[in-house]
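Protein chains get the first letters and strands the later ones, always in sequence-line order, with residue 1 at the start of each. Note that the coordinates shown come from a computational prediction; the quantities given were computed from them, not determined experimentally.
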Number of protein chains: 2
Amino acid sequence: MKRPTIADVARRAGVSKGAVSYALNGQPGVSEATRRRILAIAEEIGFSPSSAARALSGATAKAVGLALCRPARILGIEPFFMELISGVEAELSARSYALTLQVVADQAAEIAVYRRWWAERRVDGVFVCDLRLDDARVPVLEELRLPAVVIGGPGHTGTLASVWSDDAAALVETVEYLVALGHRRIARVGGLPELLHTRLRTEAFERVCRDLGLAGAVTVPSDYSGEEGARATRRLLSSPNRPSAVIYDNDVMAIAGLSVAQEMGLAVPGDLSIVAWDDSPLCQLVHPPLTALGRDIPAYGAQAARHLLAAIAGEPVGTLQDETAHLTPRGSTAPPRGSTAPPRER
Amino acid sequence: MKRPTIADVARRAGVSKGAVSYALNGQPGVSEATRRRILAIAEEIGFSPSSAARALSGATAKAVGLALCRPARILGIEPFFMELISGVEAELSARSYALTLQVVADQAAEIAVYRRWWAERRVDGVFVCDLRLDDARVPVLEELRLPAVVIGGPGHTGTLASVWSDDAAALVETVEYLVALGHRRIARVGGLPELLHTRLRTEAFERVCRDLGLAGAVTVPSDYSGEEGARATRRLLSSPNRPSAVIYDNDVMAIAGLSVAQEMGLAVPGDLSIVAWDDSPLCQLVHPPLTALGRDIPAYGAQAARHLLAAIAGEPVGTLQDETAHLTPRGSTAPPRGSTAPPRER
DNA sequence: CTGAAAGCGCTTACAG
DNA sequence: CTGAAAGCGCTTACAG
């Protein structure tokens, strides 16, 4: 089957190629009647402008890029990215933008991908995930003047646009909730320490624990995998002053932690309360169901996509705050059991 | 920053644009010394050929497409697609191919996406997931002559290339394993009934149960969600002749089933054995860890990608069988407890 | 409101 | 082995 071109449409409509182009792009230069006739013919013969020709004539590539820098094992198990992508897609496809996805091994490879995309004019803009402190990607994207939206923050985004959610506030709320239940020994299994949002959560955790006079507010780092979640939990639970509550930086580690606790003969929530970030259907599949911090990730992705399209359109874009994760109490949290309550601080 | 073009490279190298093109594409027409010099200059000034210009000159778009037709909720929770994408990417990026991802609402939308991609010349080929019986996408792709690799089968792929895995054999192995343990009442919670691989599994299940003289080999359909897995399990376990073993078509439903069993006071594996498809890290996070059918999904994706690139290159490609899922016995399966053994058939 | 033409940045026959 | 040129299918000033 031969692909129809703009010339085919022009011939059948009895107009010039220019007229077809104007009609298709909603530009002035054709009468309303002609425009309608041209559109009908394009539709009839299944014409869509060649994205290559369009991009080459100085218009946009009508594509944006997303590079993901996580090993396959972790990518698969974290619902976050797929949910984010779903939300991004919903917004993009409504405006006929394509999403170009690339899985990369490390930051250097990711930067190389940005440079290549830019040189190839393959994308009009990019999303940046997993922001780090002094992130090397930020100055590169600024230098290339490639429109970008950082998914994360606040801060450390240079002059790039960004969307973020206040994890620190959510963490404080969680600690206060646990303290209200009577917990005094709270620990945390954190995500990758080099990620900014991990750092922000850790700082908020230490601050609120200090403010509330809680001792031993330790954060054990991890790579988000179930194995590390289990290992961290074992370490925490076998320490002399074991915590009565643990906050996990993702759902998978929380579920692993729940297993470990049960394995060690500790009742949840009787002996140990558990809170998971990234509330997902998984949290409700286990017993007891997990108290979790959740928010609408597809909506977050949609927000990021709108922001990026605005940046590409040349609109002034800055920092956009999305909703803060909210706590959904479920069966995995309760007041600490009297018999196992930690000794009162003195 | 101005993007370098082939003319910039040609000028600095003191050769024609044609020579640069030949050098870059490994074509004859330039001496080895000149080629090396040109490549060095391209590297130095960060030149990559414009994908649009390249695509427009009749070369390929250097991109392939993947349309996913599942709701966000399900996409996120199934590690399958992200693992598949990881494997696909590994192969594509090694050959500088981009992956264009699109989430669609239904088959009609998916077909529209294929037609648009084709008309726009946006991709050189596509992957087709979730094959159905009499799948409407197959004749469309044949008509468009858009290179495609169906991920699924066997059969029902028309003249399209495909990669598949023998789910029927894996299912038979699983049933035989359960029967060897002493189970006589085996049920199954299946995936979406309209998907071909669900159908093939169901047929294999019914066949092997008939061959082995097992009664009540029922398959309850589902949408792969934890909720439906839980509902189906409740229904199965409260039937008068409840099964002593259940096979689930994915890991999430198996975990939900485990929860339901424990909720209903049934011991796993004492009162109920559980087997999950799609062995994933999740299966080892729960208690007891789940006996599961697994295979290397990133490798499957890589295989599919190689196959698609071969099809795009015009090589004759057909049907490729990938490894069959293998059963990993873990704590969720055991001989049925004597007291709860089903009455002997007579 | 419409038509003829240049130009985007490549690839690829075609001469030399 | 190299250079000059056509052409891919659009968009967009520029004349009419």
Salt-bridge test for B:R295 and B:E323: reply yes if a basic N is under 4.0 Å from a carboxylate O, no otherwise.
no
Is the shortest heavy-atom distance from the side chain of A:L68 to the side chain of A:F81 under 4.5 Å?
yes
B:R11 CZ - D:dA4 P separation (whole Å)
14 Å
Is the shortest distance from a Lys or Arg side-chain nitrogen in B:E120 or A:K62 to a carboxylate oxygen in the other one below 4.0 Å?
no
Which letter, B, S or -, goes with each nucleotide of nucleotides 8-16 of chain D from 5' to 3', with contact meaning a protein heavy atom under 4.0 Å?
BBBSBB---
Side chain proximity check, A:Y97 to A:D124, heavy atoms < 4.5 angstrom:
yes
For side-chain contact (heavy atoms from CB on, under 4.5 Å), just list the numbers for B:I312 and B:V64, CA-CA rounded to whole Å, side-chain angles, deciding distance to a tenth of an Å, and then say yes or no.
CA-CA 10 Å; B:I312 290 170; B:V64 298; 3.7 Å; yes
Using a 3.5 Å limit on both pairing distances, list the dot-bracket string of DNA chain C from the 5' end; Watson-Crick and G-U wobble pairs count, crossing pairs take [ ], interstrand pairs take |.
|||.||||||||.|||
Within a strict 4.5 Å, meaning less than it, do heavy atoms of the B:V88 and A:V103 side chains meet?
no
Any side-chain to backbone donor/acceptor pair from A:R121 onto A:A119? Under 3.5 Å, distance only.
yes
Is there a donor-acceptor pair under 3.5 Å between the side chain of A:Q102 and the backbone N or O of B:S93?
no
